Protein chains: 2
Amino acid sequence: MARRKDHSPADLRELIREAAQKIIKTKGLKSLTARALAQEVGYTPGTIYNFYSDMDALVAAVNFATLGQLQQTCLQKIESLPPDFSKVRALAYAYVDFAHENLALWEAIFMRTRKAGKAARLPTLYQERILSLFVMIEGILKECLNIPAPDAKQSARLLWACLHGIAVLTLDGRLQLVGIEKPHKIIDDLLMKYFGIYLKSSC
Amino acid sequence: MARRKDHSPADLRELIREAAQKIIKTKGLKSLTARALAQEVGYTPGTIYNFYSDMDALVAAVNFATLGQLQQTCLQKIESLPPDFSKVRALAYAYVDFAHENLALWEAIFMRTRKAGKAARLPTLYQERILSLFVMIEGILKECLNIPAPDAKQSARLLWACLHGIAVLTLDGRLQLVGIEKPHKIIDDLLMKYFGIYLKSSC
DNA sequence: TTATATTATTGAACATTGTTCAATAATATG
DNA sequence: CATATTATTGAACAATGTTCAATAATATAA
């Protein structure tokens, strides 16, 4: 097998994805161009298309990685906490904090870039990773609250949706002007009212 | 004043914005190109730049109009309702329904398109329109619930954030797979738990 | 009416983008 | 050493946003 640089195909594929992620994180999704990316990894635009069918596929790969990092970060921040309400709160904080610290990457996940015609089927692995995120949240809820199993599933999704909305309104420059409180305070309000009825007696 | 077609400058400016809105709504933001838009209004690309400094400014104008339509639609759907919990619920439904029926337009509002360097200060009018939306929600909450004024302000923003998050998760094709309930059902759950303590005795 | 000034509109031009693909250079294999 | 294999290139194309001197249509004045 021929190589100019010493990278196995798998390594180079990873290298390209990492470089793309770095560009998005530091300069925004709009700055991720085939040529800029090629320069960053020390190859030429054509090479990228040997590993990703088009730029959308590359962004999808970045998003997949970002989702994994999000879940890792969340798990790490709550693993040592006692199984009560504070752990749920820490999880919520972790999500919004991640969005804040990785703004452009997080936005890329929810950015719909495809043209009208193009289908947007998600690969199975991607679906599974999202599902895994919800399963994690569901698990935390069941572990930390007096919540029936069916409620936990529904609440996990609702909680994530609300956190997402809060992140958008508090982080997006366009809406920060609406006089919203700091994210953590608003999250406290939501959690106390929404999960109040499930609080364990120990709290 | 010379004109080829019989449109006053103000009319033409409006015409361009409407055509842009139509393109976004029917074919998506990615399909809004200077040339396609020019063709739609029967002019040439150059003309557009006599009315909008660049395509981003045009999209901002479209978003401004969309926000106005959103508020109008919401007001219309709740004006004849009695001032109780059902009115709050109708307002919530109206928001998510609007997002559903005007998906691409609604997404354009929250799409961050500016490049890294470009500043993104919002025009005062735009800010006021967003503020007006929150004032409306706040008013409905105070009118329909037993809620203290400070709580109403905070809750109006939180409610909108949560609704936004729910809309994203239920409408975006990428996440529909997460097994979430129909939006209206999930909204009921949120409202009942979050606003339960504020319910008027009549309910 | 005719001539001049004004201005709305054009369309060609440029830089930048995604994407393709025959040509090429580097390595592996016989 | 010769040949096959394949990773990599870089030139090319179409489409995009954007600019701006040239132009055509109208208003104004003589």
Side-chain angles (χ1 to χ4, degrees), chain A residues 1-17 19-20 23-24 27-63 104 108 111-120, chain B residues 1-17 19-20 23-24 27-63 104 108 111-120:
Chain A
M1 269 184 285
R3 329 179 196 108
R4 298 276 172 83
K5 307 259 159 51
D6 20 33
H7 295 121
S8 78
D11 281 353
L12 186 45
R13 191 183 155 86
E14 188 101 322
L15 214 72
I16 291 173
R17 198 221 63 221
I23 290 177
I24 295 178
K27 299 184 205 152
L29 185 57
K30 267 270 173 83
S31 297
L32 177 67
T33 68
R35 286 170 181 82
L37 176 59
Q39 179 139 27
E40 177 78 26
V41 289
Y43 285 78
T44 53
T47 300
I48 293 164
Y49 288 85
N50 294 334
F51 293 91
Y52 297 95
S53 63
D54 53 30
M55 292 300 281
D56 274 3
L58 172 60
V59 172
V62 169
N63 290 341
M111 193 96 65
R112 202 190 280 250
T113 53
R114 68 172 179 275
K115 256 193 155 165
K118 245 182 182 176
Chain B
M1 267 184 286
R3 325 177 199 109
R4 299 277 172 84
K5 305 265 159 50
D6 21 32
H7 295 120
S8 78
D11 280 354
L12 187 46
R13 192 183 155 86
E14 188 101 321
L15 214 73
I16 291 173
R17 197 222 64 220
I23 290 177
I24 295 178
K27 298 182 206 155
L29 186 57
K30 268 273 173 81
S31 297
L32 177 67
T33 68
R35 286 167 181 84
L37 176 58
Q39 178 140 28
E40 177 78 26
V41 288
Y43 285 79
T44 53
T47 301
I48 294 164
Y49 288 85
N50 294 335
F51 293 90
Y52 298 94
S53 62
D54 53 28
M55 292 300 281
D56 274 3
L58 173 60
V59 172
V62 169
N63 290 341
M111 195 95 65
R112 201 189 281 251
T113 53
R114 67 173 180 274
K115 252 190 158 171
K118 247 184 179 172

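Computed from heavy atoms alone, side chains included, the values below leave out hydrogens, waters and symmetry copies. Lettering follows sequence order; numbering is per chain, from 1. Nothing here was measured: the structure is a model prediction, and the numbers come from that model.
In this structure, A:Tyr43 places its OH atom 14 Å from C1' of C:dA25, rounding to the nearest Å. Distance NZ (A:Lys30) to P (C:dT16): 16 Å, rounded to an integer number of Å. Rounding to whole angstrom units, CG of residue B:Asp54 and P of D:dG17 are separated by 11 Å. In this structure, A:Gln39 atom CD and C:dG18 atom P are separated by 14 Å, rounded to whole Å. A straight line from NE2 of B:His7 to C1' of D:dT26 spans 17 Å, rounded to a whole angstrom. With rounding to whole Å, B:Ile23 atom CD1 is found 11 Å from D:dT16 atom P. Distance CZ (B:Phe51) to P (D:dT19): 16 Å, rounded to an integer number of Å. Atom-to-atom, CG of A:Asp56 to P of C:dT17 comes out at 16 Å; the value is rounded to the nearest Å.
Among the atoms of the strands shown, only primed sugar atoms or phosphate atoms (P, OP1, OP2) are found under 4.0 Å from some heavy atom of B:Leu32.
For B:Gln39, the side-chain hydrogen bond (donor to acceptor under 3.5 Å, both in side chains) test picks out no residue, with sequence neighbours left out. B:Ala60 pairs by the side chain to side chain contact (heavy atoms under 4.5 Å, CB included) definition with nothing, not counting sequence neighbours.
When the side-chain nitrogen and oxygen atoms of A:Thr33 are compared with OP1 and OP2 of C:dT16, none of them lie within a distance under 4.0 Å.
Projected onto DNA chain D by closest heavy-atom contact, A:Arg35 and A:Thr44 fall at different nucleotides, the more 5' of which corresponds to A:Thr44. Between B:Thr47 and A:Pro45, the residue anchored nearer the 5' end of DNA chain C, judged by the nucleotide with its closest heavy atom, is B:Thr47.
Among the nucleotides C:dT19, D:dT18, C:dT9, the one closest to the side chain of B:Met55 is D:dT18. Of all nucleotides listed (C:dT19, D:dG17, C:dT10), D:dG17 comes nearest to the side chain of B:Ala34. When distances are taken from the side chain of A:Asn50 to each of D:dT18, D:dT9, C:dT19, the shortest belongs to D:dT9. With D:dT9, C:dT19, D:dT19 as the candidates, the nucleotide lying closest to the side chain of B:Tyr49 is D:dT19.
Of the nucleotides present, C:dA15 is the one that pairs with D:dT16 by Watson-Crick or G-U wobble criteria, both distances under 3.5 Å. In a base pair of the Watson-Crick type (N1 to N3 plus N6-O4 or O6-N4) or a G-U wobble (N1-O2 and O6-N3), with each distance short of 3.5 Å, C:dA23 is matched with D:dT8.
Side-chain N or O atoms of A:Arg17 include none that pairs as donor or acceptor with a backbone N or O of A:Val62 at under 3.5 Å.
Side chains of A:Leu58 and A:Leu37 form a contact here, defined as non-hydrogen atoms less than 4.5 Å apart. A heavy-atom distance below 4.5 Å is found between the side chains of A:Tyr49 and A:Met55.
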